[in-house]
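Inspection log for the structure reproduced underneath, given as structure tokens.
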Amino acid sequence: MVNNWFNIIQEYCLPPTCLFCNEPSHNPRDLCSFCEKALPRNKDCCIHCGQPMTPANNPSSCGQCLTNPPYFDSTLAPFRYQRTVRYAIQSFKYHDNYNFARLLGELLASEIATENPLPQRLIPVPLHASRYRERGFNQAFEIAKIISQHHKIPVDNCSLQRRRPTDHQSHLKAKSRSQNIKNAFLLSQKITVSHVAIIDDVMTTGNTVNELARMLKTAGVQNVDVWVCARA
């Protein structure tokens, strides 16, 4: 009850304002209805990895998933890494705008289908210690915390660790990304649940989450979902 009153007072004194256009928002999020409608949605995509596809091929799996199925079981990627969504992710990750962390987390949380069995743990893609010191936070962990608040799913930020620093995946060609991430992670403690969701801000080729899913499946996890804000 105390938290509810705090939220009511906060919204009255500091009403939500759209982070994209600075216009008043008529819902609890810092996003106006016009900018929400303009978000680049990932409607036509691979049912397995979320890769954007042409409407004629939807719904189906992309050629990559048919040829070489990933270790993860499904992907939720409600937006494309374009325009305002790309601006939001980059403003958060590279310019420390935490308001976008909350917005991205809330948008992703609202897309989670509660009628399906929810995972028992949320696992953010881990950062290496050197990258964490450089950035000061892990964007995947910050998004996972928002989802956890909405859906009451615990966040596991300890079981997987990045054992060595890697080059930025976005700076590499597709063929180099798989090698860059190979053996980059470490399972530091036993995972006792059977269903988890890997959380990240954006998914490009999927090599990072696929390597994590491989480790989780090897450790005995039966179902691995991938939840990301955007798909490149």
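With hydrogens and angles disregarded, a donor-acceptor distance shorter than 3.5 Å links the side chain of Arg162 to the backbone of Pro126. Of the possible donor and acceptor atoms, none in the side chain of His150 sits under 3.5 Å from a partner among the backbone N and O of Gly105. Counting only distance, with no hydrogens or angles, the side chain of Ser25 and the backbone of Leu31 share a donor-acceptor pair below 3.5 Å. Side-chain N or O atoms of His151 include one that pairs as donor or acceptor with a backbone N or O of Ala109 at under 3.5 Å. Side chain of Asp30 to main chain of Thr17: a donor-acceptor pair is present (N/O by atom type, distance under 3.5 Å, no hydrogens or angles).
Identified under the salt bridge (Lys or Arg N to Asp or Glu O under 4.0 Å) test for residues 210-226, with sequence neighbours left out: Asp73-Lys217, Glu211-Arg214. Note on residues 183-208: pairs passing salt bridge (Lys or Arg N to Asp or Glu O under 4.0 Å), not counting sequence neighbours, are Lys93-Asp201. The salt bridge (Lys or Arg N to Asp or Glu O under 4.0 Å) contacts involving residues 112-123 comprise nothing, where partners must be two or more places apart or lie in separate chains.
In this structure, Ile89 is not a member of the same hydrophobic cluster as Val228, with clusters built from ILVMFWY side-chain heavy atoms closer than 4.5 Å. Criterion: ILVMFWY side-chain heavy atoms under 4.5 Å apart, direct or through other members. Under it, Leu187 and Tyr71 are not part of a common hydrophobic cluster. The hydrophobic cluster containing Phe79 also contains Leu19, counting ILVMFWY residues as joined when their side-chain heavy atoms lie under 4.5 angstrom apart, directly or transitively. If you chain together hydrophobic residues whose side chains sit under 4.5 Å apart, Val209 and Leu76 never meet in one group. Cluster membership for Val193 and Leu122, using ILVMFWY side-chain heavy atoms within less than 4.5 angstrom, is not shared.
Here the OG-CD1 distance, from Ser110 to Ile146, works out to 12.5 Å after rounding to the nearest 0.5 Å. Between Leu107 atom CG and Arg102 atom CZ the span is 11.5 Å, to the nearest 0.5 Å. Distance check, rounded to the nearest 0.5 Å: CZ of Arg135 to NE2 of His128 gives 13.5 Å. To the nearest 0.5 Å, atom CG of residue Leu108 and atom CH2 of residue Trp227 are 7.5 Å apart. Expressed to the nearest 0.5 Å, how far OG1 of Thr84 lies from CZ of Phe20 amounts to 4.5 Å. In this structure, the separation between CE on Met203 and CD1 on Ile198 is 9.5 Å, given to the nearest 0.5 Å.
Residues satisfying the side chain to side chain donor-acceptor pair (under 3.5 Å) test with Thr192, not counting sequence neighbours, are none. Ser188 is linked by a side chain to side chain contact (heavy atoms under 4.5 Å, CB included) to Gln161, counting only residues two or more places apart in sequence or in another chain. For Glu23, there are no side chain to side chain donor-acceptor pair (under 3.5 Å) partners two or more places apart in sequence or in a different chain. Looking at residues two or more places apart in sequence or on another chain, you find no side chain to side chain donor-acceptor pair (under 3.5 Å) involving Asn116. Shown here are the side chain to side chain donor-acceptor pair (under 3.5 Å) partners of Ser148, two or more places apart in sequence or in another chain: there are none. Every residue two or more places apart in sequence or in another chain that forms a salt bridge (charged side-chain N to carboxylate O under 4.0 Å, His left out) with Arg29 is listed here: Glu36. The ring-ring contact (aromatic ring centres under 6.0 Å, His included) check on Phe185 picks up nothing, with sequence neighbours excluded. The side chain to side chain contact (heavy atoms under 4.5 Å, CB included) search around Pro52 returns Asn42, Arg80, Arg231, not counting sequence neighbours. Contacts of Tyr87 classified as ring-ring contact (aromatic ring centres under 6.0 Å, His included), with partners at least two apart in sequence or in another chain: Phe100.
In the displayed structure, Phe34 atom CZ is contacted under 6.0 Å by at most 12 heavy atoms of other residues, nucleotides or ligands.
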Run the numbers on Arg41 and Glu111 for side-chain contact (heavy atoms from CB on, under 4.5 Å), then give the verdict. CA-CA 11 Å; Arg41 291 197 165 268; Glu111 297 290 331; 3.0 Å; yes
I would like to know whether Ile143 and Phe92 meet side-chain contact (heavy atoms from CB on, under 4.5 Å); could you show each step before the answer? CA-CA 11 Å; Ile143 292 170; Phe92 166 41; 4.3 Å; yes
Apply the test side-chain contact (heavy atoms from CB on, under 4.5 Å) to residues Val196 and Asp156: give CA-CA distance (whole Å), side-chain angles for both, the deciding distance (0.1 Å), then the verdict. CA-CA 9 Å; Val196 305; Asp156 181 351; over 6 Å; no
Could you walk me through whether Val226 and Ile199 pass side-chain contact (heavy atoms from CB on, under 4.5 Å), step by step? CA-CA 6 Å; Val226 176; Ile199 309 297; over 6 Å; no
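Scanning both residues, Ala232 and Val202, for their nearest heavy atoms gives N-CG2, 4.4 Å. The two residues Cys229 and Pro78 have their closest heavy-atom pair at O-CD, 3.7 Å. Across Gln120 and Pro154, no two heavy atoms sit closer than the pair O-CD, 3.5 Å. What you find for Met215 and Leu160 is that their closest heavy atoms are CE-CD2, 4.2 Å. Scanning all heavy atoms of the two residues, the minimum distance from Cys158 to Gln189 falls at CB-NE2, 4.2 Å. Across every non-hydrogen atom of Ala230 and Ala77, the tightest pair is C-CB, 4.4 Å.
Considering only heavy atoms from C-beta on, Pro124 comes within 4.5 Å of Val155 through its side chain. In this structure, His48 and Cys62 have side chains that are not in contact, with every pair of non-hydrogen atoms separated by 4.5 Å or more. Between Ile123 and Leu212 there is no side-chain heavy-atom pair separated by less than 4.5 Å. Looking only at side-chain heavy atoms (C-beta outward), Lys145 and Glu142 come within less than 4.5 Å of each other. Residues Cys21 and Cys32 have side chains in contact (heavy-atom distance under 4.5 Å, counting atoms from C-beta outward).
There is a side-chain donor-acceptor pair under 3.5 Å between Tyr81 and Gln90.
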